[in-house]
Amino acid sequence: MVISKKSLQFLLVTFLACMPLVTFANPTADSLQNHTENAAPVTEAHVETGHSAEKEFNATELINDHIGDSHEFHIADYDGHPITFYLPVILWTNNGLKIFSSEQFHHDNEGHHVVDVNGQKLVRFNEVIFYADKFETLTEDERKNGAFAFDARPLDFSITKNVFSMLMSALVLFFLFLAVARSYNKNKLAPKGIAGFLEPLVIFVRDEIAIPNIGTKKYAKYMPYLLTIFFFIWINNLIGLIPFFPFSSNLTGNIFFTFVLALITFIVTSFSANKDYWKHIFMPPVPKALYPIMIPVEIIGMLTKPFALMIRLFANITAGHIIILSLVSLIFIFKTVAVAPISGAFVLFMSVLEMLVAALQAYVFTLLTALFIGQAVAEHDHH
């Protein structure tokens with residue numbers, strides 16, 4: 001792989017610059033906060049339970065924490081305190097732009113800890129940041145659906161775990177194909193190294209996806225987009241399978257991410273469509289008496305295509321993560337290491353299967369995108 005020394009130096013400097021964001025939780029602050037929030041009169045029940053009271057393992061909470069987005073990376077626990085990589089919080093509030101570290105929330109995700117940023121008081125509940133005063137007026141259901149409580153929360157442009165993963169995968173793609181381009185410039189013969197690995201994949205997308213579905217005349221115009229979504233989805237699928245920092249995000253299992261990808265495909269398809277495509281939708285080849293029925297059906301069919309793209313990628317990736325985490329959770333649910341060999345064997349099998357699914361879902365999304373574009377640009381013979 002050919003990467004210049006300047007690129008490596010840039011990555012090293014970036015890594016060192018981010019190191020201050022990795023901190024240990026402050027035991028004094030956290031214990032003081034927990035003491036204040038959890039202070040309650042000592043009753044007989046508290047005395048009786050004593051040291052035997054332990055927090056029950058909640059598999060649902062574990063799974064939701066993993067497949068959901070977050071303002072911070074939880075790396076590990078040391079001496080009873082979490083080691084966390086805090087990400088920047090970027091908000092557009094009623095008082096203008098506010099930028100601060102997610103460390104200020106002190107790991108609170110229940111709306112208890114109030115963060116004061118230059119007079120703007122904020123709380124965090126289920127990874128959604130609210131105005132503290134308006135949060136108190138919301139019902140329990142409104143808090144759970146807080147992403148849609150636009151009057152009670154600022155606009156959130158934060159670098160969350162999923163956004164971090166997306167930027168990281170974009171950098172990986174950039175340096176990957178930059179190395180391939182330099183390799184081709186230096187070697188005019190058979191490709192070597194990383195170029196030799198990626199060239200068959202590029203040829204596969206061209207010969208097995210683009211040309212058969214779009215045609216030899218127009219496929220080249222859409223190759224950059226098809227290659228981008230294929231490698232972008234594949235890399236992010238693989239990133240989600242690596243269970244440690246700075247990976248472990250569930251970007252392609254996020255419905256908002258898959259929605260944007262499907263929306264882009266819909267826009268590309270719609271703007272590329274020729275008059276035959278639109279004529280088939282608004283003037284279908286049926287008796288005119290059936291137009292009131294067939295036109296809505298054609299419009300619905302046009303919209304269900306990107307919807308199917310969105311749901312398919314989201315559901316398949318999320319399901320794989322849930323199954324793996326559920327198998328791991330069996331060890332803690334049964335509270336015995338005797339389950340570990342069986343659970344570990346199934347986790348290994350599912351992880352290998354998910355590596356196949358990671359490539360398969362990238363292929364399916366790219367294939368269907370090419371198919372939809374091909375239907376929109378196809379030229380029909382007129383007799």
Asker: Classify the side-chain pair Ser169/Asn236 by whether it contains a donor and acceptor separated by less than 3.5 Å.
Answerer: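 The criterion, which ignores hydrogens and geometry beyond distance, is satisfied for Asn236 and Ser169.
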Asker: So which atom in Thr366 and which in Leu226 form the shortest heavy-atom distance, rounded to 0.1 Å?
Answerer: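 So the minimum-distance heavy-atom pair works out to CG2-O, 3.6 Å.
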Asker: Yes or no on side-chain hydrogen bond (donor to acceptor under 3.5 Å, both in side chains) for Asp156 and Ser158, after CA distance, side-chain angles and deciding distance?
Answerer: CA-CA 6 Å; Asp156 195 344; Ser158 302; 2.4 Å; yes
Asker: Quick check for you: to the nearest 0.5 Å, what is the distance between Ser249 atom OG and Asn254 atom CG?
Answerer: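 Between atom OG of Ser249 and atom CG of Asn254 there are 9.5 Å.
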Asker: Does OH in Tyr184 sit with more than 12 non-hydrogen atoms of other residues, nucleotides or ligands closer than 6.0 Å?
Answerer: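 Counting neighbours around OH of Tyr184, more than 12 heavy atoms of other residues, nucleotides or ligands fall under 6.0 Å, so yes.
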Asker: Would you say Thr93's side chain and Asn95's backbone share a donor-acceptor pair under 3.5 angstrom?
Answerer: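 Yes; at least one donor-acceptor contact below 3.5 Å.
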Asker: Please confirm whether the ring centroid of Phe135 lies under 6.0 Å from the ring centroid of His112.
Answerer: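 No, they do not, as the ring centres are separated by 6.0 Å or more.
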Asker: Using 30° and 60° as the class limits, which term best fits the ring planes of Phe73 and Phe164: parallel, tilted or perpendicular?
Answerer: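 Judged by the thresholds at 30° and 60°, the geometry between Phe73 and Phe164 is perpendicular.
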Asker: Hey, any chance Val123 and Phe105 share a hydrophobic cluster, counting ILVMFWY side chains that come within less than 4.5 Å of each other, even indirectly?
Answerer: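 No: no chain of side-chain contacts under 4.5 Å links Val123 to Phe105.
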Asker: Take the angle between the ring planes of Phe257 and Phe232 and call it parallel below 30°, perpendicular above 60°, tilted in between.
Answerer: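 Geometry flag for Phe232 against Phe257: tilted rings.
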Asker: Report the C-alpha distance between Lys161 and Glu127 in whole Å, list the side-chain angles of each, state the deciding distance to 0.1 Å, and finish with yes or no for salt bridge (charged side-chain N to carboxylate O under 4.0 Å, His left out).
Answerer: CA-CA 11 Å; Lys161 189 163 66 172; Glu127 295 301 337; over 6 Å; no
Asker: Specify the closest pair of heavy atoms between Leu138 and Ala152, including all atoms of both residues, with the distance to one decimal.
Answerer: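 Closest approach of Leu138 to Ala152: CD1-CB, 4.0 Å.
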Asker: Classify the angle between the aromatic ring planes of His106 and His113 as parallel (below 30°), tilted (30 to 60°) or perpendicular (above 60°).
Answerer: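 Rings of His106 and His113: perpendicular, as their planes differ by over 60°.
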Asker: How about Lys98 and Pro154: do any of their side-chain heavy atoms sit closer than 4.5 Å?
Answerer: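 No, side chains not in contact.
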Asker: Among Leu201, Asp207, Val205, find the one that has a side chain to side chain contact (heavy atoms under 4.5 Å, CB included) with Ile203.
Answerer: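 So the option named by the test is Asp207.
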Asker: How long is the span from the CE atom in Met223 to the CZ atom in Arg206, to the nearest 0.5 Å?
Answerer: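 The CE atom of Met223 sits 7.0 Å away from the CZ atom of Arg206.
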Asker: Quick one: closest heavy-atom pair of Leu91 and Leu122, and the distance?
Answerer: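 Scanning both residues completely, I find the closest heavy atoms to be CD1-CD1, 3.5 Å.
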Asker: Between Phe157 and Pro88, is there a side-chain heavy-atom distance shorter than 4.5 Å?
Answerer: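 They are not in side-chain contact.
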Asker: Would a single hydrophobic cluster contain both Val260 and Leu155, if residues Ile, Leu, Val, Met, Phe, Trp and Tyr are joined by side-chain heavy-atom contacts under 4.5 Å?
Answerer: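 Per the 4.5 Å side-chain linkage, Leu155 and Val260 are co-clustered.
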Asker: Tell me whether Phe332 at atom CZ has more than 12 heavy atoms from other residues, nucleotides or ligands lying less than 6.0 Å away.
Answerer: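 Incorrect, the count does not exceed 12.
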Asker: For Asn185, is the CG atom crowded, meaning more than 12 foreign heavy atoms sit under 6.0 Å from it?
Answerer: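 It does: Asn185 CG has more than 12 such atoms within range.
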Asker: If you compare all heavy atoms of Tyr277 against all heavy atoms of Thr269, which two are closest, and at what distance to 0.1 Å?
Answerer: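 Here Tyr277 and Thr269 meet closest at OH-CG2, 4.5 Å.
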Asker: Quick check: closest heavy atoms across Pro243 and Ser248, and the distance to 0.1 Å?
Answerer: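 What the structure gives for the nearest pair is C-CB, 4.0 Å.
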Asker: Test side-chain contact (heavy atoms from CB on, under 4.5 Å) on Tyr225 and Ile264 and set out the steps.
Answerer: CA-CA 10 Å; Tyr225 177 60; Ile264 294 173; 3.5 Å; yes
Asker: For Tyr363, run the ring pair (Phe, Tyr, Trp, His ring centres under 6.0 Å) check against Phe204, Trp234, Phe230 and tell me which one passes.
Answerer: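 Answer to the ring pair (Phe, Tyr, Trp, His ring centres under 6.0 Å) test with Tyr363 among Phe204, Trp234, Phe230: Phe204.
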Asker: Pair Tyr131, Gln120 - check side-chain contact (heavy atoms from CB on, under 4.5 Å), show working.
Answerer: CA-CA 8 Å; Tyr131 298 116; Gln120 183 72 71; 3.2 Å; yes
Asker: Kindly compute the distance separating CZ (Phe256) from CE (Met310), expressed to the nearest 0.5 Å.
Answerer: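 Taking CZ in Phe256 and CE in Met310, the distance rounds to 10.0 Å.
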Asker: Could you tell me how the ring of Phe150 sits relative to the ring of Phe148: parallel (under 30°), tilted (30 to 60°) or perpendicular (over 60°)?
Answerer: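 Correct class here is perpendicular.
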Asker: Mark yes when over 12 heavy atoms from residues, nucleotides or ligands other than Trp278 sit less than 6.0 Å from its CH2; otherwise mark no.
Answerer: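 Enclosed.
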Asker: Mind telling me whether Phe177 and Phe231 have parallel, tilted or perpendicular rings, with 30° and 60° as the class edges?
Answerer: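 Rings of Phe231 and Phe177: perpendicular, over 60°.
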Asker: Over all heavy atoms of both residues, which pair between Ala262 and Phe365 is shortest? Give the atoms and the distance, please.
Answerer: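 That would be N-CZ, 4.1 Å.
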